[in-house]
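Index from 1, following the sequence.
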Amino acid sequence: MLFNSAEFLFGFVPVTVLGFYILGKYSRVSAIRWLIIASLVFYGWWRPLNVLIISPSILVNFGLARILLRLNQNEDSRRASQAVLLLGILFNVVFLGVFKYTDFITGTINDVFGENLVLRHIILPLGISFITFQKIAFLIDIQAGRIKSFTFQDYCTFVLFFPQLVAGPIVHYREMIPQFQAASCRFDQQNVAVGLTLLLFGLFKKVVLADNIALLVTPIYEHAASGASMSFLMAWIAAIGFTLQIYFDFSGYTDMALGLARLFGIKLPPNFNSPLRASSIIDFWLRWHMTLTRFLTAYIYNPLALSLTRRRMAKGRPGLGGRNTTAGAFVSLLMVPTILTMFISGLWHGAGYGFVVWGLLNGIYITINHAWRLVVARIWPNRRTYDRIMKPVGQFVTFITVAATMVFFRAPTITAAIGLMKGVFGMNGLGLPQDVLGRLGPLAGILHGIGVVGEAGSGQDLLIAGRLICLLLFIALALPNTLQILDRYEPALGIRSGSTRLSIGKIGILKWDPSLPWAIAMSAIAAIAFVFIGGPSEFLYWQF
């Protein structure tokens, strides 16, 4: 059941919310249990076998968590606790690997060693990557003593809560369960108003903005997959177009997840904060899929960097020292853990060479960004002047870099991605639709002379693509995001008025409140979005 499907919006959500409120009048426990059952129905709707596949994993993790909780009560059981944690992490990684990476590993063996092993084509359970990371974080938090107690009902609520079950955000037990324990489980006018507003904003972004740019972008990638050569212009339409598609697709999903949770009085953590406005690749990753960045930093990068630092210091070598950092310390303590972390991020996103390359490129970009920060602190000490000049430059460079790298994320094969990247760098020449060149008269000859060639497609399609890209760029870069519009009502956990990184300034009319003008505006947004429901569409992050 997709968030943007009619059966979900007009069937599952009303029934689930209504049942939650009705039961909440008489029994808070019954309301929570109703929510757990509804979440299982949601997860198994498309393929009931999903529930049977994921249930053993949930039960095993619960058992390991109870063992860790008991071991934490005895100070002499530290080693046993670490062993159980290692076993839990290994179990989850193997569970994820069997379903997600079996064919990838088999295909890699075939490619490298010339074997002809049979691919099993195992059907991937929905949201297995998100569920796996969430359960690993849960076990680590228990072993570290950050979770002191939990019940089976609380655990199931945490793991199965349907708004974030399939594609995040990746939440922590200690930021969610206290909210469920304090929830009244009854109708609250403000929660419903904020929740519906977020839900409709997200639906509009998905079905109107993301899905329409997808109609223009998908044929280009299919053309590249067939082996066709991509010109400079078409390659950049593919790169920027898909960047905007996944931007509004994931932004829309995130808003819908926040809104759905708010209908039950729950605030999910922020997961998307205008990343295309970032002035560096580091800033980009602090804004894009924020809870994934949080997980990767806390549970992979930090432990790895800390371990390498301890080993290096034990040998008497200098560590990271700000402006005085040595090249050796930078490479071993920052570059290595950064690239390895982003390699894991790429592999987590998908079992394919393109995802691996995408992750490694982002790791390299982040490393270069860190190196630049160390260098610029020495050669450009005036921070105010630097920000005034370099922030716009950094925003442009970051956007172009992100868009070009997204080619590897989207292209169906690594060969198609390389072909598109040749177009991005102008190696396949410049191109214009043949019907456009045909109307240019003598100018067409001049353009041919400088390498501009005719290609398939029409000038009308090119004009439509250009207009849509410009419109989406304006929305992404110039208009306030939903966190800013609703920040008076804490649309996400910790996001309050004045706390968002990008302030709206004096444009107070764009601040949402439960008023008649906003009700009319949201009704119009809903009407437009409902018209587009029903097309062939799936949230991109649901495949992970």
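Under 3.5 Å, the side chains of D154 and T151 contain a donor-acceptor pair of N or O atoms.
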Practice prompt. Start with the C-alpha gap between V192 and Y21, add the side-chain angles, then the distance that decides, and say whether side-chain contact (heavy atoms from CB on, under 4.5 Å) holds.
Written response: CA-CA 11 Å; V192 171; Y21 289 151; 3.3 Å; yes
Practice prompt. Verify side-chain contact (heavy atoms from CB on, under 4.5 Å) between F3 and V166, making sure each step is shown before the conclusion.
Written response: CA-CA 10 Å; F3 280 3; V166 176; over 6 Å; no
Discussion item. Let's go through F272 and N481 carefully: what are the C-alpha distance in whole Å and the side-chain angles of both, what is the deciding distance for side-chain contact (heavy atoms from CB on, under 4.5 Å) to 0.1 Å, and is it a yes or a no?
Written reply: CA-CA 9 Å; F272 198 89; N481 61 41; over 6 Å; no
Discussion item. Pair I131, F95 - check side-chain contact (heavy atoms from CB on, under 4.5 Å), show working.
Written reply: CA-CA 11 Å; I131 296 170; F95 186 84; over 6 Å; no
Fill in: Derivation of the ring-ring contact (aromatic ring centres under 6.0 Å, His included) call for H349 and F408
CA-CA 12 Å; H349 275 87; F408 287 97; over 10 Å; no
I'd like a table of donor-acceptor pairs (distance under 3.5 Å, sequence neighbours excluded) in which one partner is a side-chain atom from residues 59-68, with atom names and distances.
| residue | atom | partner | partner atom | Å |
| --- | --- | --- | --- | --- |
| N61 | OD1 | N92 | ND2 | 2.8 |
| N61 | ND2 | S57 | O | 2.8 |
| N61 | ND2 | N92 | OD1 | 3.1 |
| R66 | NH1 | F150 | O | 2.6 |

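Between the N302 side chain and the T297 main chain, a donor and an acceptor come within less than 3.5 Å of each other. Judged by distance alone, the side chain of Y221 and the main-chain N or O of A238 form a donor-acceptor pair under 3.5 Å. Remark: the backbone N or O of W358 is paired with a side-chain donor or acceptor of N362 at under 3.5 angstrom. At least one donor-acceptor pair under 3.5 Å links the side chain of S55 to the backbone N or O of V51. Listed for the S39 side chain is a donor-acceptor partner under 3.5 Å among the backbone atoms of L160. Looking only at distances, a side-chain donor or acceptor of R294 sits under 3.5 Å from a matching main-chain atom of I170. Under the 3.5 Å distance criterion, the side-chain polar atoms of Y253 are matched with a main-chain donor or acceptor of G168. Looking only at distances, no side-chain donor or acceptor of N369 sits under 3.5 Å from a matching main-chain atom of Y365. Here the side chain of R28 pairs a donor or acceptor atom with the backbone of A183 at under 3.5 angstrom. Side-chain atoms of R496 do not come within 3.5 Å of backbone N or O of E490 as any donor-acceptor pair.
In this structure, OG1 in T401 is found 10.5 Å from CZ in F284, a value given to the nearest 0.5 Å. Atom CD1 of residue I520 and atom CD1 of residue I525 lie 12.5 Å apart, to the nearest 0.5 angstrom. Interatomic distance, CG of L276 versus OG of S251, reported as 9.5 Å (0.5 Å rounding). The CD1 atom of I533 sits 5.0 Å away from atom CG of L9, with the distance rounded to the nearest 0.5 Å. Note that CZ of F20 is 11.5 Å distant from CH2 of W34, once rounded to the nearest 0.5 Å. We find the CD1-CZ distance between I58 and F152 to be 8.0 Å, quoted to the nearest 0.5 Å.
For F204 and F532, the gap between ring centers reaches or exceeds 6.0 Å. A centroid separation of 6.0 Å or more is found between the aromatic rings of Y173 and Y155. Under the 6.0 Å cut-off for aromatic ring centres, F530 and F10 qualify, their centroids lying closer than that. Ring centroids of F158 and F180 are separated by 6.0 Å or more, keeping the two rings apart.
For the pair V194 and R262, the tightest heavy-atom approach, listed with the atom from each and the gap, is CG1-NH1, 3.7 Å. A214 and P219 make their closest contact through O-CD, 4.2 Å (heavy atoms, listed as atom of the first residue, atom of the second, distance). P270 and M290 make their closest contact through O-CB, 3.8 Å (heavy atoms, listed as atom of the first residue, atom of the second, distance). Residues F355 and A351 come closest through the heavy atom pair CD1-N, 4.2 Å. The two atoms that bring L198 and T482 nearest to each other are CD2-CB, 4.3 Å, heavy atoms only. Between R146 and I140 the shortest heavy-atom distance is NH2-CG2, 3.9 Å.
Residues Q164 and Q134 have side chains in contact (heavy-atom distance under 4.5 Å, counting atoms from C-beta outward). Looking at V41 and F162, their side chains never come closer than 4.5 Å, going by heavy atoms from C-beta outward. Considering only heavy atoms from C-beta on, Y301 stays 4.5 Å or farther from P303 through its side chain. Under the 4.5 Å side-chain criterion, counting only non-hydrogen atoms from C-beta, V171 is not in contact with F161. Between F264 and V17, some side-chain heavy-atom pair lies under the 4.5 Å cut-off. Considering only heavy atoms from C-beta on, Y489 comes within 4.5 Å of D513 through its side chain. Residues I237 and V217 have side chains not in contact (no heavy-atom distance under 4.5 Å, counting atoms from C-beta outward). A 4.5 Å side-chain heavy-atom check between F99 and I53 finds at least one atom pair inside the cut-off.
With salt bridges taken as basic N to acidic carboxylate O contacts below 4.0 Å, one links D249 and K206.
Remark: K100 is positioned above the aromatic ring of W348, its terminal NZ or CZ atom under 6.0 angstrom from the ring centre and at most 45 degrees off the axis.
Using cut-offs of 30° and 60° for the angle between ring planes, the W288 and F250 rings count as tilted. Taking the six-membered ring where tryptophan is involved, the planes of F8 and F12 are essentially parallel, since the angle between them stays under 30° and well short of 60°.
Just one of T254, N271, L296 meets the side chain to side chain contact (heavy atoms under 4.5 Å, CB included) condition when paired with T291; it is N271.
Take F396 and apply the ring pair (Phe, Tyr, Trp, His ring centres under 6.0 Å) test, not counting sequence neighbours, and it matches no residue.
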